[in-house]
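Since the structure comes first, as structure tokens, the remarks are kept for the end.
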2 protein chains.
Amino acid sequence: MEVWEAIRGRRSVRSFVDRPVERSLLEKLVEAGTWAPSGGNAQTWHFVVVTDSEQLRRIKTVSPGLLGNPPAVIAVCQDLGEAGRKGGELGAKFLAPVDAAMATQNILLAAHDAGLGTCVIGSFHKGAVARILGLPEGMEPVLLVSVGWPAEVPKPPPRKRDVISWERHGNRT
Amino acid sequence: MEVWEAIRGRRSVRSFVDRPVERSLLEKLVEAGTWAPSGGNAQTWHFVVVTDSEQLRRIKTVSPGLLGNPPAVIAVCQDLGEAGRKGGELGAKFLAPVDAAMATQNILLAAHDAGLGTCVIGSFHKGAVARILGLPEGMEPVLLVSVGWPAEVPKPPPRKRDVISWERHGNRT
């Protein structure tokens with residue numbers, strides 16, 4: 001699939017068919033994530049891929065944003081201790097979530113390229129998910145990405161207009 | 001260009017030839033950004049594209065992370081007031097930077113697809129850049145993206161290993 005087709009065609013999918021996602025495909029999605037840039041090339045991310053039904057059930061219980069029944073969830077995590085040691089407060093508080101989000105966008109596009117549907121979840125109980133995933137001290141789940149074969153692909157939501165200025169804010173031409 | 005080729009092939013470019021980037025291309029990059037998902041479809045982002053040499057000089061002065069002499073910089077901004085009204089504290093403090101970063105990754109890939117080089121800059125004086133760009137109260141520059149025709153494309157930096165766990169952290173198989 002062409003880059004532009006993936007960028008425009010990717011939707012947030014919240015309804016999945018009951019079919020597992022091959023492990024090799026999930027590994028490929030994580031690899032896509034790791035090709036994102038990171039501040040100072042810190043790469044303080046870690047990806048926990050969950051496919052076990054009991055683990056998925058536990059995560060769902062503490063993640064109001066997780067809709068449908070995806071056969072896999074990728075928890076995009078950051079080692080905030082390492083991020084702080086490498087990049088100070090900017091590293092831990094700002095670059096770590098930003099890097100995780102850029103990695104996440106790569107995952108979404110690689111998934112769409114493979115015919116998979118995804119949805120990014122930002123609304124979940126971080127502490128509870130960290131416990132469920134057994135994350136070590138200082139590591140935090142930043143975003144969850146549900147992954148599966150789409151049962152339904154929604155229409156593109158309307159895009160906001162007037163999002164671009166030239167040279168200075170408000171200069172539209 | 002294929003999605004996977006773009007994801008793997010994109011490098012952070014910090015050295016640009018002295019050649020402007022067509023306005024239509026810059027508009028296309030911003031459009032790529034706007035196709036990223038956003039928390040609750042809030043789309044509280046705004047993109048200020050800077051190509052004026054005097055404006056670029058001003059931004060460079062307050063952005064230690066901005067290397068080389070890119071002919072264009074895209075400031076990926078967020079209206080934190082609007083983000084807060086739409087998504088509360090989660091919206092303003094977490095979703096806004098995360099959404100900006102996902103939009104940024106789309107910009108990087110679309111630029112690479114067009115043969116352009118980019119670099120994400122997180123190290124800059126936010127208040128100073130906001131003033132230079134004339135951002136309204138409550139709007140903040142989250143990331144800067146330098147854009148230009150690459151003079152030099154660096155080799156891929158080494159990727160961190162052991163970034164994936166299965167079901168629970170530390171479970172490598």
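By convention in this document, chain letters (A, B, ...) are assigned in the order of the sequence lines, proteins followed by strands, and residues within each chain are numbered from 1. Because the structure is predicted, anything quoted here is derived from the model rather than measured.
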Inset, instruction - Would you mind checking which part of B:Thr104 comes under 4.5 Å of any heavy atom in chain A, side chain (CB onward), backbone (N, CA, C, O), both or neither? - result: side chain
Legend entry - Side chain / backbone / both / neither for B:Glu2 at chain A, heavy atoms under 4.5 Å: both
Legend entry - Interchain contact, A:Val120 with chain B, by part (heavy-atom threshold 4.5 Å): side chain
Legend entry - Student check: side-chain heavy atoms of A:His112 and B:Val3 closer than 4.5 Å: no
Inset, instruction - Check whether B:Val73 gets within reach of chain A through its side chain, its backbone, both or neither, counting any heavy atom under 4.5 Å. - result: neither
Inset, instruction - Go through the atoms of B:Asp52 and report whether side chain, backbone, both or neither lie under 4.5 Å from a heavy atom of chain A. - result: both
Legend entry - Contacting region of A:Leu90 [heavy-atom separation from chain B under 4.5 Å]: side chain
Legend entry - Part of B:Leu143 lying under 4.5 Å from any heavy atom of chain A: side chain
Inset, instruction - Give, as side chain, backbone, both or neither, the part of A:Glu5 having an atom under 4.5 angstrom from any heavy atom of chain B. - result: neither
Inset, instruction - Determine the option with the most heavy-atom pairs under 4.5 angstrom with chain B, choosing from A:Ala32, A:Gly39, A:Ala103, A:Gly40. - result: A:Ala32
Legend entry - Atom group of A:Val30 that falls short of 4.5 Å from chain B, counting heavy atoms: side chain
Legend entry - Heavy-atom contact with chain B under 4.5 Å, split by part of A:Ile132: backbone
Inset, instruction - Drop me the distance from A:Gln105's CD to B:Trp35's CH2, to the nearest 0.5 angstrom. - result: 13.0 Å
Inset, instruction - Sort by residue number and list every member of residues 158-173 of chain B having a non-hydrogen atom under 4.5 Å from chain A. - result: B:Pro158, B:Arg159, B:Lys160, B:Asp162, B:Val163, B:Ile164, B:Ser165, B:Trp166, B:Glu167, B:Arg168, B:His169, B:Arg172, B:Thr173
Inset, instruction - Report, by ascending residue number, the residues of residues 11-23 of chain A in heavy-atom contact with chain B at a distance under 4.5 Å; give 'none' if the set is empty. - result: A:Arg11, A:Ser12, A:Arg23
Legend entry - Side-chain heavy-atom pair B:Val98, A:Val98 within 4.5 angstrom cut-off: no
Legend entry - Heavy-atom proximity to chain B below 4.5 Å, by part of A:Ser38: neither
Inset, instruction - Using a cut-off of under 4.5 Å on heavy-atom pairs, state which of A:Ala36, A:Pro97, A:Gly9 scores highest against chain B. - result: A:Ala36
Legend entry - Interface residue of largest heavy-atom contact number with chain A, from B:Pro156, B:Pro136, B:Gly122, B:Ala75, under 4.5 Å: B:Pro136
Inset, instruction - For each of A:Glu27, A:Glu54, A:Lys28, tally heavy-atom pairs with chain B at distances under 4.5 Å, and name the one with the top tally. - result: A:Lys28
Legend entry - Residue pair A:Leu109 / B:Asn106, side-chain heavy-atom distance below 4.5 Å: yes
